[in-house]
Amino acid sequence: MAQQLRGNDLRQLGFPEGRAIGLALAQLQRKHLKKLSHTEQLALLQNLLANPNDYLTHLDWSHTAAALLPPPSRHIALAERKPYALFGAEHIDQGAIHQMETAMKLPVTVAGALMPDAHHGYGLPIGGVLATDNAVIPYAVGVDIGCRMALSVFALPPKHLEQRVQELRKLLIDNTRFGNRDVFRHGQKLDHAVLDRAEFQEISFLRNKLDTAATQIGSSGGGNHFVEWGVVDILDPANELGVPVGQYLGLLSHSGSRGLGASIANHYTKLAKDVCQLPTEAQHLAWLSLESEAGQEYWAAMNLAGDYASACHHQIHQRLAKALGERPLAKVENHHNFAWKERLATGQEVVVHRKGATPAGAGVLGVIPGSMTAPGFIVRGRGEATSLASASHGAGRAMSRTRAKQELGEADVRRYLQQHHIELIGGGVDEAPQAYKDIHAVMASQHDLVDVLGTFTPRIVRMEGGV
């Protein structure tokens, strides 16, 4: 009997979100189709996806084929696909490419680019960059609005890590919080001006979100979010950080806007879908005009969520720097999962969505992480027009979370981390280093997009759970 296919397997093939996935999986459970090998099932589905019209009268596949075809009438039709830049095509799954090509058919799309760490997401793929004309797409920004990297460099040598592992481990446990339930209690909280922002009162949807934002401030999310100590290696003597070439203790964090950003994303995506009805394959790319009240509201709420995410990182680094008893020599911070108003080389003003993509304008600094056992890179953007001044936001997933849980054993992952001298607090097999692409291959695919100023090599990593 063939290994049972799952929804993510079909998405990897390029199946669009919607009824087609469920119908296809149900058909594969029929007795005569279950006898097909894994390879035969995949080949059948690939042919069905490529030629749905040929299956419209097929006894087994007529309903799935019909679901793969766009409805006969919708309020908004897709246009001819516009060209886009593709970096590191050999690293990108077909599902992500299919999603990008769908996004390039939107009537509001002006330009696009796909980064080498790209993989399948909702709406725009993770690693997708999309420029639109006077329109913002909530799901092209993403659910975790303003998710970002923040790095602090301290004037302490790498041996500090080796000599004080348990002390630094305890500092992470005492001064970070992860997930929805583990937050700082009354008396432990730090204040921040972002909680006094007028948007919490002026935008009706946000009026009941302030309490949650105040509760979660200074904390990190679950999933792939982390706070970690590691070794910073400054390689470029002309770096803008003002830090001499050498090795230093570093603190790197990755997290976003917590429940606030997720609420904003889901609320305004629903509004967008109500006013912008698209074919099934593109429904998660529904947009709001920036001239509409809803579009202006979303833009203000998105910027609030981005500033809130930044405030969370500032508090994380503030707490740990104080506990360490050191002031950082330099800091680098950049965000993804956001939209910016920018001008193309033609002079046209557009809205640039970077969903899991790092801003890489000329001279703009950022951090592109690898995995727990691979270095991240401190970079300077080169402002490459074909990438819409963007770069990857990390290594990108090589395995879905479901596949990682199926194929990787916890003991094997722990052994792998020990071999690489990584101290891990929390985390799960779905975030194992083996689940990620080779960061060196990804960086090689974008050498025209960024210059490397230095690296960050993780040593003590804190994620959700484990305490």
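Quick caveat, the model's predicted, so the values are computed rather than measured.
Two residues are said to be in side-chain contact when any heavy atoms from C-beta on lie closer than 4.5 Å; Ser220 and Ile316 meet this criterion. You'll find the side chain of Leu151 stays beyond 4.5 Å of the side chain of Leu251, heavy atoms only. Contact check for Leu10 versus Leu45: side-chain heavy atoms found under the 4.5 Å cut-off. No side-chain heavy atom of Gln277 sits less than 4.5 Å from a side-chain heavy atom of Ile76.
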(request) Any chance you could lay out the side-chain contact (heavy atoms from CB on, under 4.5 Å) test for Leu365 and Val379, step after step, and finish with the verdict? (result) CA-CA 6 Å; Leu365 301 186; Val379 299; over 6 Å; no

*Is there a side-chain contact (heavy atoms from CB on, under 4.5 Å) between Ser445 and Glu90 once you walk through the steps?*
CA-CA 10 Å; Ser445 297; Glu90 66 274 19; 3.9 Å; yes

* Worked check of ring pair (Phe, Tyr, Trp, His ring centres under 6.0 Å) between His336 and His254 -> CA-CA 11 Å; His336 42 266; His254 173 224; 5.7 Å; yes

task = Show your reasoning for whether salt bridge (charged side-chain N to carboxylate O under 4.0 Å, His left out) applies to Asp117 and Lys437.
result = CA-CA 7 Å; Asp117 63 333; Lys437 298 177 185 178; over 6 Å; no

Legend entry - Verdict with reasoning, Asp236 to Val452, per side-chain contact (heavy atoms from CB on, under 4.5 Å): CA-CA 8 Å; Asp236 186 345; Val452 174; over 6 Å; no

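Here Glu464 does not pair with Arg177 in a salt bridge; the nearest charged N to carboxylate O distance is not below 4.0 Å. One finds a salt bridge joining Arg169 and Glu423 here, because a Lys/Arg side-chain nitrogen approaches an Asp/Glu carboxylate oxygen to under 4.0 Å. For Asp60 and Arg30, the salt-bridge test passes: some basic side-chain N is under 4.0 Å from an acidic carboxylate O. Salt bridge annotation for Glu228-Arg459: absent, with no cationic side-chain nitrogen under 4.0 angstrom from a carboxylate oxygen. With respect to Asp93 and Arg11, no salt bridge is recorded, no charged nitrogen being found less than 4.0 Å from a carboxylate O.
For the residue pair His317 and Ser253, a side-chain donor N or O sits within less than 3.5 Å of a side-chain acceptor on the partner. Side-chain contact, Ser219 with Arg258: a donor N or O sits under 3.5 Å from an acceptor N or O. A side-chain N or O of Glu297 and one of Tyr268 form a donor-acceptor pair less than 3.5 Å apart. Counting only N and O atoms by type, the side chains of Gln27 and Thr64 include no donor and acceptor under 3.5 Å apart. Looking only at atom types and distance, the side chain of His225 has a donor-acceptor partner in the side chain of Asp144 under 3.5 Å away.
Counted within 6.0 Å of NZ on Lys405, heavy atoms from surrounding residues, nucleotides or ligands total 12 or fewer; the atom is thus considered open. In this structure, Lys270 places its NZ atom where only 12 or fewer heavy-atom neighbours from other residues, nucleotides or ligands lie under 6.0 Å away. Environment of CD in Glu410: sparse, with no more than 12 heavy atoms of neighbouring residues, nucleotides or ligands closer than 6.0 Å. With a 6.0 Å radius and a threshold of 12 heavy atoms from other residues, nucleotides or ligands, His63 has its NE2 atom at or below the threshold.
Distance CG/Leu271 to CG/Asn266: 11.0 Å, rounded to 0.5 Å. Atom CG of Leu168 and atom CD of Glu162 lie 11.5 Å apart (nearest 0.5 Å). Note: Thr102 OG1 to Gln283 CD = 11.5 Å, rounded to the nearest 0.5 Å.
Summarising the geometry of Met372 relative to Ile422, their closest heavy-atom pair is O-CD1, 3.2 Å, with the distance given to 0.1 Å. Closest approach of Pro52 and Leu69 over heavy atoms only: CG-CD2, 3.7 Å. Residues Gly356 and His393 share a closest heavy-atom pair of O-ND1, 3.1 Å. Of all heavy-atom pairs between Gly427 and Met463, the closest is N-CB, 3.7 Å. When all heavy atoms are compared, the tightest approach of Tyr84 to Ala113 is CB-N, 4.3 Å. Ile145 approaches Tyr298 most closely through the heavy-atom pair CD1-OH, 4.2 Å.
Taking Tyr55 as the reference, Asn47 meet the side-chain hydrogen bond (donor to acceptor under 3.5 Å, both in side chains) condition, with sequence neighbours excluded. Considering only residues two or more places apart in sequence or on other chains, Arg415 meets the side-chain contact (heavy atoms from CB on, under 4.5 Å) condition with Ala411, Asp412, Gln419.
Trp299 carries Lys341 over the face of its six-membered ring, with the cationic atom under 6.0 Å from the centre and within 45° of the normal. Judged by the 6.0 Å distance and 45° axis criteria, Arg354 is not positioned over the aromatic ring of Phe338.
Remark: aromatic rings of His353 and Trp287 are distant, center separation not under 6.0 Å.
Ring planes of His284 and Tyr139: tilted class, angle from 30 to 60°.
Here the side chain of Ser257 pairs no donor or acceptor atom with the backbone of Leu260 at under 3.5 angstrom.
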